[in-house]
There are 2 protein chains.
Amino acid sequence: MVGDPERIIRYLRGRGLRSTDARRKIVEVALDTGHHFTAEDLLDLIRQRGHRVSRASVYRTLSLLCEGGFVESREFQRGQMMYEVMVGQHHHDHLICTRCDRIVEFQNEAIERLQDQIADQHGFKLESHSLRLFGICPGCR
Amino acid sequence: MVGDPERIIRYLRGRGLRSTDARRKIVEVALDTGHHFTAEDLLDLIRQRGHRVSRASVYRTLSLLCEGGFVESREFQRGQMMYEVMVGQHHHDHLICTRCDRIVEFQNEAIERLQDQIADQHGFKLESHSLRLFGICPGCR
DNA sequence: TTTCGTGCAAATTGTTTGCACGTTC
DNA sequence: GAACGTGCAAACAATTTGCACGAAA
């Protein structure tokens, strides 16, 4: 299945990285988290399952997962990174409620195309982008 | 003229805030900086002009200027805020070169409209947005 | 057995805060 | 003279790093 932790471990092995206990636990729990989470959230979840892993390893493994494109990080609130598993997910952007911090995902092909055009017009080779819409969600209005 | 520091000081006065030496220097130098700058950059510029102002006051005043909409802050590189004077400027978004950190501004009406639509569709009252395109600039390719 | 990854604690870094004092109103 | 703003240094908080030890290859 799509969220198979072993697939990621295999990828890491392919890059000459080792398959360690900590990495396997971190990947496994990360894939299980439904949605957006912080490094600290992930650490808590891992510990709730009775695994002992250090905060440093969580950060180090999250970096690897980001490099591999399995996870994406973005900053919804200043000073804290949120992570999201992208395995089996299409790219999307976010609406963030400034009252309750609720996050809603959306996809918009037209915006994506316009972004490509803009990069082209300025001679940039586009690598990534970040689009965040901040506002007040229906529930908070 | 458009970048008149006194206009901003008057606005602050109107909000019950005082017109102090530090605030005047900070506003004056900020308005003179052509473009994107960090809090530290601004502090350096102020000191180069022979004024003695504390780092704390720079941060505090930049906050006020952001609240008033005279300045906008955004994070181009993780962990550090960049500020930009918006007095006399239209809203725009940014292309950021991941090699040399060059920043190019662009405006795109179509994207703005699409953002409004998306917020509407999800019942959000849009307050602000942040769109950053990361890539490699012509000079670095 | 060599290399790599881990856990720990300490360091880092931009920003914020508490407080005593000086300024503005 | 009351309230507010300042400067300073200490506090913060998320993340990174140095290092000695244990595990993977």
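Order of the sequence lines fixes the chain letters, A, B, ..., with proteins taken first and strands second; residue numbering starts at 1 for each chain.
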Counterpart residues, side-chain contact (heavy atoms from CB on, under 4.5 Å), relative to [X] (two or more places apart):
X: Thr38(B); answer: Glu40(B), Asp41(B), Gln80(B), Met82(B)
X: Gln107(B); answer: His90(B), His92(B)
X: Gln77(B); answer: Asp101(B)
X: Asp32(B); answer: Arg49(B)

What is the distance, rounded to the nearest whole Å, between atom [atom1] of [X] and atom [atom2] of [N]?
X: Leu43(A); N: dA14(D); atom1: CG; atom2: C1'; answer: 13 Å
X: Leu62(B); N: dG5(D); atom1: CG; atom2: P; answer: 16 Å
X: Ile46(B); N: dT6(D); atom1: CD1; atom2: P; answer: 11 Å
X: Leu42(B); N: dG14(C); atom1: CG; atom2: C1'; answer: 15 Å
X: Arg74(A); N: dA14(D); atom1: CZ; atom2: P; answer: 20 Å
X: Arg47(B); N: dT6(D); atom1: CZ; atom2: P; answer: 14 Å
X: Leu12(A); N: dA25(D); atom1: CG; atom2: P; answer: 12 Å
X: Arg15(B); N: dG5(D); atom1: CZ; atom2: C1'; answer: 16 Å

>> So that I can tick it off, tell me whether Asp21(A) and Arg24(A) are bridged by a salt bridge, with the cut-off set at under 4.0 angstrom between side-chain N and carboxylate O.
In response: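 Yes, this pair counts.
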
> How does protein reach along nucleotides 15-25 of chain C, written 5' to 3' as B (base within reach of a heavy atom under 4.0 Å), S (only sugar-phosphate), or - (no contact)?
Replying inline: BBBB----BBS

Side chains of residues 61-72 of chain A: which donor-acceptor pairs under 3.5 Å do they make with residues two or more places apart or in other chains?
residue  : atom : partner  : partner atom : Å
Thr61(A) : OG1  : Ser57(A) : O            : 2.9
Ser63(A) : OG   : Tyr59(A) : O            : 3.4
Glu72(A) : OE1  : Arg74(A) : NH2          : 2.8

